[in-house]
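Here the structure comes first, spelled out in C-alpha coordinates, and everything after it is commentary.
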Amino acid sequence: MTITDEGVYNGMPARNLGEQGWERPWSGPNGGQCVETKQLADGRVAVRQSTDPAGPALIYTPEEIAAFVRGVKEGLADHLAAG
(Lines give C-alpha, C1' and ligand atoms only; values in the text may rest on other atoms or scores of the structure.)
Protein backbone atom coordinates (compact mmCIF):
# COMPACT_ATOMS: atom_id res chain seq x y z
CA MET A 1 0.00 0.00 0.00
CA THR A 2 1.41 3.37 -0.98
CA ILE A 3 0.23 6.50 0.82
CA THR A 4 1.13 10.00 -0.25
CA ASP A 5 2.73 12.21 2.39
CA GLU A 6 -0.32 14.48 2.27
CA GLY A 7 -2.58 11.54 3.16
CA VAL A 8 -0.71 10.75 6.38
CA TYR A 9 -1.94 12.53 9.48
CA ASN A 10 -1.73 12.22 13.25
CA GLY A 11 -4.44 9.91 14.59
CA MET A 12 -5.18 8.19 11.30
CA PRO A 13 -6.03 4.47 11.44
CA ALA A 14 -2.72 2.60 11.53
CA ARG A 15 -4.14 -0.05 9.19
CA ASN A 16 -4.20 2.65 6.47
CA LEU A 17 -0.39 2.66 6.58
CA GLY A 18 -0.23 -1.01 5.58
CA GLU A 19 0.99 -4.01 7.53
CA GLN A 20 4.54 -4.15 6.17
CA GLY A 21 7.43 -2.35 7.85
CA TRP A 22 6.18 -2.14 11.45
CA GLU A 23 8.87 -2.91 14.04
CA ARG A 24 9.02 -3.25 17.80
CA PRO A 25 11.95 -1.17 19.02
CA TRP A 26 12.02 -3.24 22.20
CA SER A 27 9.97 -6.16 23.39
CA GLY A 28 10.40 -7.10 27.00
CA PRO A 29 8.59 -9.38 29.42
CA ASN A 30 5.34 -7.40 29.31
CA GLY A 31 3.18 -9.91 27.49
CA GLY A 32 3.52 -8.34 24.04
CA GLN A 33 2.07 -4.98 25.00
CA CYS A 34 4.49 -2.82 23.07
CA VAL A 35 4.55 0.08 20.73
CA GLU A 36 5.46 -0.51 17.11
CA THR A 37 7.11 1.98 14.80
CA LYS A 38 7.20 2.41 11.05
CA GLN A 39 9.53 4.67 9.09
CA LEU A 40 7.51 6.60 6.52
CA ALA A 41 8.78 7.58 3.07
CA ASP A 42 9.11 11.25 4.02
CA GLY A 43 11.22 10.50 7.10
CA ARG A 44 8.44 10.76 9.66
CA VAL A 45 7.80 7.90 12.08
CA ALA A 46 4.42 6.32 12.76
CA VAL A 47 3.79 4.77 16.18
CA ARG A 48 0.97 2.36 17.03
CA GLN A 49 -0.01 0.10 19.93
CA SER A 50 0.87 -3.52 19.15
CA THR A 51 -2.28 -4.84 20.82
CA ASP A 52 -4.44 -2.57 18.62
CA PRO A 53 -2.75 -2.54 15.20
CA ALA A 54 -5.86 -1.09 13.54
CA GLY A 55 -6.11 1.72 16.09
CA PRO A 56 -4.77 5.24 15.69
CA ALA A 57 -1.23 5.97 14.57
CA LEU A 58 0.70 8.87 16.02
CA ILE A 59 2.93 10.54 13.44
CA TYR A 60 6.18 12.20 14.54
CA THR A 61 8.90 14.11 12.73
CA PRO A 62 12.47 12.82 12.93
CA GLU A 63 13.28 15.76 15.23
CA GLU A 64 10.46 14.85 17.61
CA ILE A 65 11.58 11.22 17.77
CA ALA A 66 15.20 12.30 18.37
CA ALA A 67 14.12 14.63 21.20
CA PHE A 68 12.07 11.88 22.83
CA VAL A 69 14.88 9.32 22.60
CA ARG A 70 17.36 11.86 23.98
CA GLY A 71 15.04 12.59 26.90
CA VAL A 72 14.56 8.89 27.64
CA LYS A 73 18.33 8.34 27.65
CA GLU A 74 18.69 11.25 30.07
CA GLY A 75 16.09 9.73 32.42
CA LEU A 76 13.47 12.42 31.79
CA ALA A 77 10.75 9.80 31.20
CA ASP A 78 11.58 7.52 34.12
CA HIS A 79 8.55 8.74 36.06
CA LEU A 80 6.28 7.36 33.29
CA ALA A 81 7.39 3.81 34.05
CA ALA A 82 7.17 4.09 37.83
CA GLY A 83 4.76 1.54 39.20
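- The distance from the CZ atom of R44 to the CD1 atom of I65 is 12.0 Å, given to the nearest 0.5 Å.
- Environment of CD in Q39: crowded, with over 12 heavy atoms of neighbouring residues, nucleotides or ligands closer than 6.0 Å.
- Taking E19 as the reference, R48 meet the salt bridge (Lys or Arg N to Asp or Glu O under 4.0 Å) condition, with sequence neighbours excluded.
- Taking hydrophobic clusters as Ile, Leu, Val, Met, Phe, Trp and Tyr residues chained together by side-chain heavy-atom distances below 4.5 Å, L58 does not share a cluster with L80.
- Here the shortest heavy-atom pairing between Y9 and P13 reads OH-CD, 3.8 Å.
- By the side-chain hydrogen bond (donor to acceptor under 3.5 Å, both in side chains) test, E63 is found to be paired with T61, residues two or more places apart in sequence or in another chain being considered.
- Residue pairs meeting the side-chain hydrogen bond (donor to acceptor under 3.5 Å, both in side chains) criterion with at least one partner in residues 72-81, sequence neighbours excluded, do not occur; the list is empty.
- Grouped with V72 in one hydrophobic cluster are F68, the linkage being side-chain heavy-atom contacts under 4.5 Å among Ile, Leu, Val, Met, Phe, Trp and Tyr residues.
- Annotation: the span from R24 atom CZ to C34 atom SG amounts to 5.0 Å, rounded to 0.5 Å.
- Put simply, the side chain of Y60 reaches to within 4.5 Å of the side chain of V47, judged on heavy atoms.
- Residues G43 and P62 approach most closely at O-CG, 3.1 Å, considering heavy atoms.
- Contact check for V8 versus L17: side-chain heavy atoms found under the 4.5 Å cut-off.
- Residue Q49 holds its CD atom at 8.0 Å from CD of E36, rounded to the nearest 0.5 Å.
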Self-check item: Chi angles and distances behind the side chain to side chain contact (heavy atoms under 4.5 Å, CB included) call for I59, V45
Solution: CA-CA 6 Å; I59 311 297; V45 177; over 6 Å; no

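- Applying the side chain to side chain contact (heavy atoms under 4.5 Å, CB included) rule to P56 yields the partners D52; only residues at least two apart in sequence or on another chain are considered.
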